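All remarks here apply to the structure that follows.
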Amino acid sequence: MSVLLDIQGLSKSYPGVKANDDISFQIQEGEIHALLGENGAGKSTLVKMIYGLVRPDSGAMILNGEKFAPPKPFFARQKGVSMVFQHFSLFEALTVAENITLGMDVAPSRKELSAQIRKVSNEYGLPLDPDRLIGDLSVGERQRVEIIRCLLQNPRLLIMDEPTSVLTPQEVETLFGTLRKLSANGVAILYISHKLDEIKALCDHATVLRMGKVVDTCIPANETARSMAEMMIGGELEMPKPREFNPGEAVLEIKNLSLDSTDPFGTNLKNVSLSLRKGEIMGIGGVAGNGQDELLASLSGERLVDKEMIVLKGAAIGRLGPNERRKLGLLTGPEERLGHAAAPAMSLADNALLTGSIRMGLANKGFLKHRKIDEFAKHIVKEFDVRTPSIKVMAKALSGGNLQKFVIGREVLQSPEVLVVNQPTWGVDAAAAAAIRRAIQELAESGAAVLVVSQDLDELMEMSDTFAVLAEGAMSKPQIAEGLTIDEIGLMMGGQLEGAQHAEA
Amino acid sequence: MLRLEPRQKASNMMLYFTPLIAVALTMVVGGALFAMLGINPFDAIWIIFFDPFLDSFNLSQLFIKAAPLILIAIGLSLGFRAGVWNIGAEGQFIMGALVGGATGLALWGMEGWWILPFMAIMGAVGGFAWAMIPAILKIRFNANEILVSLMLVYVAQNLLSAMVIGPLRDPDGFNFPESRSFSRNDATELPMIFEPLGLHVGGVVALIALAGAFILLQRHSLGFNIKLTGDSPRAARFAGVNPSIIIAVCLGISGALAGLAGLFELTGPAGKLTTNFPVGYGFTAIIVAFLGRLHPVGILLAGVVLAGTFIGGENAQFMLQLPSAAVRVFQGMLLFFLLAVEILISYRIRFSKGAS
C-alpha cells in the first residue's frame, strides 16, 4: 500500500474560532480511515477542505504524489475525491435519477443513467428506483441516493459523514460490505462516525480530533469503544446506569390506530395499539419509512385521527390539534431538526416559543412575553449545554448536535406527561447523545411516559424498558426489553423487512 | 475574476444596505437610459429623486402619494412574510373605492360626521371581500393566489368601468362616465391634517397601520405565526398553526387595507370615480413592501421614496418631455435591482485571480 492522501499541517480559522489547527495525517490507498471527534471538533471543516468546499489558511495536501489544493468540489471530484454528506443535498421535487444528474459534471443520457443506477445500486446491495421522487423517500433511502451518486463517479477516496445513522443493523452490514468491497478495489474511505462499535468493526486506522487538533491516532481493532470514546472527549464517558422498572398506570393509550399516509409512497398505519405507562420508556425500532412519520404526525396532532384512537389520561384526543395536546401534557419531538422541529431562519428564542408557548405561559392573550421567552430559551441552552454565542442566533447556524440538544431540551423542560421523540440522537456526537438519553431517562424516572422511535438499536436497548418494532405500518406486541439481544431484534426486523419486500414484488 | 462566496451568516449590514445599493444602481442605469433618449441624465435624476423632497409644492404632494402606497404595502408585507403572495392589491384598491363610493352615493344628501367613517369601513369591506376570493380558492382548492389575485385586478377594472358608465354615473354630469364628486361635498370630503406634507386622514391611518403592524410582528403570537409560516410551513404546522387561517388573515388584512386606501384616494385626491381611476398604487406597493424589507419602518421610508419618484416623474414629464412610461421603467428597475442585490445578504463578492 502506498500513501494516497498526505495531509500536512492544515489550519483554518473562522472569526473567533480556530476550527482546524495544524492537522497532519495520511490516508493509505484502499484504507478505511476513521475520523473521530465530538461535534465542533473540526471534522466537518477538515473534510470540507479535502473536498474543496473550504480553502485552508495554511498547510498542504499531497494526493498521489501531486500537490492537491481543490478550489472547488468539481476539482476534487476530477481527482477522484467524492463525499457523502450527513445533510443531504437533494431536490425533493425531482426524481432520483434527476438528482444524480445534477450532481454530475458530465451526465450520460437519462436512460443510460437509470440503468447505471440500477446496476450499481444492486451490485452494492442498496436497491433504489431511479424514477421515484426524492420527496417520497425515507431518510434512509435518501442517503442511498447520496451514496450511489458518489459511487457512480468511481472515486479514489470516498468521504462519508455519518453514513449509518439511519440504517438498520442489516443495512449497516450491507453498507460495510459495500465499503469493504470498495476498499479491496483500492478505494480509500475516510469514515466519519460517532458510532465507535462501527469504527472498531470497519476501520483500519483512526485519527482522533478534539478542539481542532489531532489528539490521538489508533488502530480501532486494538481498542475498545470505551477507550476510543475517552480519546475523543478527553475524559470518562458517562454511561447511563441501569434502573429499576416499576411502571405506574397507563397514561397514553393508542387503540387500533390506522392512518393513511399523505405520501403515495408512504406507509399506512395499520391497527397500531399500545399502552404506555407512567415512568415507562418504550422503544420503537424499525427501518425508516415503515410508518414512523405517520405515527409521529398522528401523535403530535399534525394529522388528525378518529377521536377514540388516541386516549390521554382517559380523554379521547384523536381530533385535537398540536397545542391542545400540549396543554394536556403530550409533547413530541420530530425527526427533522431543521424545518420541522425548528424554524431555520428564526432565533433560538423564537424557536423556544414555537412549542413552549402554551405550557410555559409565554403569551398573554396572544401578546408575547419576550422576557419569559428569553428566560426559557436561556434555560434550555444552560440545562442542555447548547453551545451557542447567544439565544439570538438563528437555528440553522447551530451544528446538528447542538440544535438537537436544544429541541429535545425544549420539550423535556416543559415537564411533559408523555413525550414522543423520533430519532432523538441522529447525527449527534457521543457526549451529546449520552446527555440527551440521560435527560430522557431522568424524565421517565420523574414519572413521565416516553415513547422513543429510533433506528439506532443500541440506543433503544440502552434506554428502553419495553420494546416493539414498527414494520410496514404494523406494530409488534411490545415486550420487556431486558434480555433481548440486538441479533434477535435485528433478525426479527430483517424477517419482517424480507416479508415486506416479497409483498412489494 | 469576480466570485460569490457564501457568508458564514447573513450580513445585517447588507440587510439595510441593499435597498440603498438598489436605488443607486437604478439611478446609474436610469441615467444611462435618459442619456440615450437625449436627456441630460443629471437633470433627470435630480428632478425625479431629489427635487420632490426639496421643493415646498412637491412636498405638499408627498404624503398624498405615499399614504396609499404605505397602507397597501403594510398589508402586503404581512402576506409576503408568510409566503402568501397577494399581487392583486390594485384590484382590492379599486373595489374599496367602488364599494365605499357606492355607499357614499347611496347616502347622498345626508349630513353627519359618521358618513365618511362608514364609507371607509365599507371600502375596507370591499377590498376584504375581493381578497377573500383568492383566499377561499387557495384554501379550498389550492389555487395559486398569485394568478387569481392578479386576474381579479382586470375584473375589478372592468367592473368599475361598467359602474361609472351605468348605475353610479353622476345624474347631473352631462352623461360623462364619472360619479358625483366626493371631494366637493362636506360629508364625504377627506380632511387634510397637515397641508405642507400633504398628510390627509388616510396618511394618518397609514401611520396607525404601520404601528399596528409593528406591534403585530414584534409582540403578538399572530405575527409570530405569520413569520413562522413563511420560514417553515412544516414547523408552523408542528407549532399548531393552521395554514388556512394564515392565508385568510394575510389576504384579508391586505385586501382591507388596500380597499381603505382606495376609498381614501376616492374621497381625497381623485375626488370621483372615473373609468381611469386607478393609478397603479396597488402594483407599486409591491415594490414599496420589498424595498422596505417587509419591515414597517422600512416601508415608511420606501413609501416616501417611491412617492417622490411619482411626483418627480410627473415633473420630469413636462419639464424634460420624458415619456410617461419612463417612471414605470424606473420603478421596475428598482425592484429588479433590489431582488438582484439581495444575494449580497448571504453571499459576499470576492475578487480572485481566477480558478487554478
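Convention: sequence-line order gives letters A, B, ...; per-chain numbering from 1. Since this is a predicted model, take the numbers as computed values, not measurements.
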Residue [X] versus chain B: region with a heavy atom under 4.5 Å:
| X | result |
| --- | --- |
| A/Thr332 | both |
| A/Asp350 | both |
| A/Arg326 | side chain |
| A/Lys365 | backbone |

Under 4.5 Å to a heavy atom of chain A? For B/Ile215 that would be side chain
Within residues 131-151 of chain B, the residues sitting under 4.5 Å from chain A by heavy atom, in sequence order, are none
Under a 4.5 Å heavy-atom criterion, the part of residues 229-243 of chain B in contact with chain A comprises B/Asp231, B/Ser232, B/Arg234, B/Ala235, B/Arg237, B/Phe238, B/Ala239, B/Gly240
d(A/Leu362 CG, B/Ser221 OG) to nearest 0.5 Å is 11.0 Å
Between the CD1 atom in A/Ile373 and the CZ atom in B/Phe224, the distance rounded to the nearest 0.5 Å is 7.5 Å
When every non-hydrogen atom of A/Leu368 is compared with those of B/Gln218, the smallest separation belongs to CD1-O, 4.1 Å
Among [options], which residue forms the greatest number of heavy-atom pairs with chain B at distances under 4.5 Å?
| options | result |
| --- | --- |
| A/Ala341, A/Pro334, A/Ala363 | A/Pro334 |
| A/Ala297, A/Gly339, A/Gly301 | A/Gly339 |
| A/Leu354, A/Val393, A/Asn323, A/Ile358 | A/Leu354 |

| message | Please check if the number of heavy atoms outside A/Lys369 that lie under 6.0 Å from its NZ is greater than 12. | response | yes
